[in-house]
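Chain letters run A, B, ... following the sequence lines, proteins first, then strands; residues in each count from 1. All values derive from a computational prediction rather than experimental measurement.
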2 protein chains.
Amino acid sequence: MSIMKDQDLSTFTEALRRENLKLTPQRKKIFSTIAESDEHWEVDDLVYRFWESEDRISRATIYRTLDILVDYGFVRKVDFGEGRSRYEYAADKKYHDHMICEECGEIFEFTDENLRKHQERLCEIFDFTPSKHVVQIYGLCSECQAEPDAGK
Amino acid sequence: MSIMKDQDLSTFTEALRRENLKLTPQRKKIFSTIAESDEHWEVDDLVYRFWESEDRISRATIYRTLDILVDYGFVRKVDFGEGRSRYEYAADKKYHDHMICEECGEIFEFTDENLRKHQERLCEIFDFTPSKHVVQIYGLCSECQAEPDAGK
DNA sequence: ATTTAATTGAGATTGAATCTCAATTAATGA
DNA sequence: TCATTAATTGAGATTCAATCTCAATTAAAT
Ligand SMILES: [Mn+2]
Ligand SMILES: [Mn+2]
Ligand SMILES: [Zn+2]
Ligand SMILES: [Zn+2]
């Protein structure tokens with residue numbers, strides 16, 4: 001685990017203490033696994049990863065810990081309309097949006113400051129105080145346009 | 001039912017015939033109810049409305065009919081992260097996006113051509129062929145900023 | 001009127017997410 | 001180090017939206 005992520009872990013530890021929550025082995029393990037995970041993983045990715053390891057962690061605990069991590073801003077919850085949630089480690093990553101290929105499932109991240117500013121302006125017009133923006137573009141990625149079966 | 005919506009119904013009828021599907025009383029009733037419904041309704045809104053009427057329609061049939069209507073483009077399915085889907089009658093309404101107040105649940109629609117064009121440009125850059133865009137802004141509406149309990 | 005493939009509805013099933021509660025454990029401080 | 005206490009865990013039950021199954025019904029075409 002990198003220096004940066006060790007820092008994150010101690011930030012997590014402090015946040016827990018601040019709210020009188022305990023630093024349990026389960027929470028520690030979930031945190032460090034997440035910090036090393038691929039992007040946009042789902043709960044079962046964690047469940048099965050732990051399942052194969054020495055000490056399993058129950059679904060309930062995983063869900064509960066994720067809620068805390070989302071609250072604290074270490075993890076972002078994303079919904080690509082699959083009927084279940086995905087998550088991404090947020091601590092070392094700035095604002096971005098997603099393109100989702102409906103053929104191969106690949107997810108492309110992009111950042112567009114103009115897009116962001118447009119939205120801010122709209123909020124001003126509506127006198128709306130935003131807490132969260134969702135921008136998603138569904139369609140066919142470059143590969144899948146060429147060969148419709150590429151991703152299968 | 002307006003002239004416009006009668007036209008829609010016959011378009012629906014034709015679409016059904018084209019695919020060898022039958023025009024049943026249930027489908028007719030669902031269609032006309034939808035065409036008169038408020039925006040962003042959910043399945044249970046329909047279920048209960050039919051429940052109180054003469055002839056009830058089963059959940060399964062409602063879901064199946066909605067799938068067809070979404071396929072044909074008469075209805076748009078929207079997800080505001082509530083754990084269930086909402087729908088809106090699409091036939092007489094052009095492109096728009098949504099602001100969702102997290103306090104009172106109100107949904108505001110807006111249309112911004114620049115935003116749309118920005119997204120188109122991004123798709124070109126990524127060589128991505130879009131089929132669907134989702135833009136949602138969650139936060140506090142004007143009313144709810146002033147009085148946090150306004151919507152309760 | 002007959003034929004046939006599509007449709008319906010009741011109820012079972014799935015799958016994600018949440019809840020319950022008894023047993024366990026981290027944290028605090030004497 | 002040990003006792004106290006409130007937080008945590010895990011197994012399994014529960015919830016809820018959505019989908020599936022299948023026998024009975026029905027729209028539509030001839
Ligand atoms: Mn991402
Ligand atoms: Mn709308
Ligand atoms: Zn693709
Ligand atoms: Zn509001």
Side-chain angles (χ1 to χ4, degrees), chain A residues 9-10 12-34 40-72 75-87, chain B residues 9-10 12-31 33 40-72 75-87:
Chain A
L9 180 54
S10 70
F12 180 44
T13 306
E14 283 161 28
L16 288 174
R17 178 164 300 125
R18 212 175 307 125
E19 312 230 353
N20 281 335
L21 302 182
K22 296 177 180 172
L23 180 64
T24 63
Q26 290 88 342
R27 287 178 178 166
K28 217 184 285 188
K29 186 170 180 183
I30 290 172
F31 187 93
S32 50
T33 303
I34 280 173
H40 313 124
W41 38 271
E42 54 193 85
V43 169
D44 273 2
D45 292 334
L46 286 185
V47 173
Y48 294 133
R49 191 152 169 184
F50 295 141
W51 189 260
E52 292 167 348
S53 78
E54 202 69 357
D55 24 37
R56 301 174 179 172
I57 300 178
S58 85
R59 257 196 167 54
T61 298
I62 294 175
Y63 274 106
R64 287 184 287 229
T65 305
L66 284 176
D67 283 348
I68 294 174
L69 290 171
V70 169
D71 273 358
Y72 291 177
V75 167
R76 209 175 297 129
K77 196 172 181 175
V78 286
D79 180 353
F80 298 135
E82 301 165 300
R84 77 201 96 97
S85 294
R86 291 185 174 271
Y87 298 81
Chain B
L9 180 55
S10 70
F12 180 45
T13 306
E14 282 160 30
L16 288 174
R17 177 165 300 125
R18 212 177 304 126
E19 312 230 356
N20 280 334
L21 302 182
K22 296 177 181 172
L23 181 64
T24 64
Q26 290 88 342
R27 286 177 179 166
K28 216 183 287 188
K29 185 170 181 183
I30 290 172
F31 186 94
T33 303
H40 313 123
W41 38 272
E42 54 193 85
V43 170
D44 273 2
D45 292 334
L46 287 186
V47 173
Y48 294 133
R49 192 153 167 185
F50 295 143
W51 190 259
E52 293 167 347
S53 79
E54 201 70 357
D55 25 37
R56 302 175 179 172
I57 301 178
S58 85
R59 258 198 165 55
T61 298
I62 294 176
Y63 274 105
R64 286 184 287 229
T65 304
L66 284 176
D67 283 348
I68 295 174
L69 290 170
V70 169
D71 274 357
Y72 291 178
V75 166
R76 209 173 297 129
K77 196 173 180 175
V78 286
D79 180 353
F80 298 135
E82 301 165 298
R84 79 201 95 99
S85 294
R86 291 185 174 270
Y87 299 81

Parallel, tilted or perpendicular: which describes the rings of B:W41 and B:Y87, with under 30° parallel and over 60° perpendicular?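 Aromatic pair B:W41/B:Y87 classed parallel.
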Quick one: sort the B:F80 and B:H40 rings into parallel, tilted or perpendicular, breaks at 30° and 60°. perpendicular
Quick check on DNA chain D: between A:R56 and B:D44, whose nearest nucleotide comes earlier from the 5' end?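 Closest to the 5' end, via its nearest nucleotide, is A:R56.
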For atom CZ of B:R17, decide whether the heavy atoms of other residues, nucleotides or ligands shown that lie under 6.0 angstrom number more than 12.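 Not more than 12 within 6.0 Å, no.
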Nearest 0.5 angstrom please: [X] [atom1] to [Y] [atom2], how far?
X: A:R86; Y: A:D45; atom1: CZ; atom2: CG; answer: 6.5 Å
X: B:I68; Y: B:R27; atom1: CD1; atom2: CZ; answer: 4.0 Å
X: A:L23; Y: A:K28; atom1: CG; atom2: NZ; answer: 5.0 Å
X: A:I34; Y: A:F31; atom1: CD1; atom2: CZ; answer: 8.0 Å
X: A:R59; Y: A:L46; atom1: CZ; atom2: CG; answer: 10.5 Å

Gap between atoms [atom1] and [atom2], on [X] and [N] respectively (whole Å):
X: B:I30; N: C:dT7; atom1: CD1; atom2: P; result: 12 Å
X: A:I68; N: C:dA17; atom1: CD1; atom2: P; result: 17 Å
X: A:E82; N: C:dA17; atom1: CD; atom2: P; result: 11 Å
X: B:R84; N: C:dG15; atom1: CZ; atom2: C1'; result: 17 Å
X: A:L16; N: D:dA7; atom1: CG; atom2: P; result: 13 Å
X: B:K77; N: D:dA17; atom1: NZ; atom2: P; result: 14 Å
X: B:K28; N: C:dT7; atom1: NZ; atom2: C1'; result: 15 Å
X: B:I62; N: C:dT7; atom1: CD1; atom2: P; result: 16 Å

Contact pattern, 5' to 3', of nucleotides 23-30 of chain D - B, S or - by protein heavy atom under 4.0 Å: ---BBS--
Report yes if at least one side-chain N or O of [X] is closer than 4.0 Å to OP1 or OP2 of [N]; otherwise report no.
X: A:S58; N: D:dT9; value: no
X: A:Y63; N: C:dT18; value: no
X: B:R27; N: C:dT8; value: yes
X: A:Q26; N: C:dA26; value: no

Show me the protein contacts with nucleotides 11-13 of chain C, counting only N or O atoms at under 3.5 Å.
none

Please figure out whether A:R64 or A:E42 has its closest DNA chain C nucleotide nearer the 5' end. A:E42
Evaluate side chain to side chain contact (heavy atoms under 4.5 Å, CB included) for A:D44 paired with A:V47, printing each intermediate quantity in order. CA-CA 5 Å; A:D44 273 2; A:V47 173; 4.0 Å; yes
Would you say B:Q26 and B:T65 make side-chain contact, with heavy atoms under 4.5 Å? no
Answer yes when B:D55 and B:K29 have at least one side-chain N-carboxylate O distance shorter than 4.0 Å, and no when they do not.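 Here B:D55 pairs with B:K29 in a salt bridge, since their nearest N and O are under 4.0 Å apart.
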Applying a 4.0 Å non-hydrogen cut-off, can you work out what B:N20 is touching in the nucleic acid: base, sugar-phosphate, or nothing?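 Since only primed, P, OP1 and OP2 atoms lie under 4.0 Å of B:N20, the category is sugar-phosphate.
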Classify B:R59 by what it touches in the nucleic acid, base, sugar-phosphate, or nothing, heavy-atom distance under 4.0 Å. nothing
Five pairs per end, C1' atoms only: what is the angle between the end axes of the helix from C:dA1-D:dT30 to C:dA30-D:dT1, to 10 degrees?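 Comparing the first five pairs with the last five, the axes sit 30° apart.
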Any donor-acceptor pair under 3.5 Å linking the side chain of B:R56 with the backbone of B:W51?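 Side chain of B:R56 to backbone of B:W51: a pair is present.
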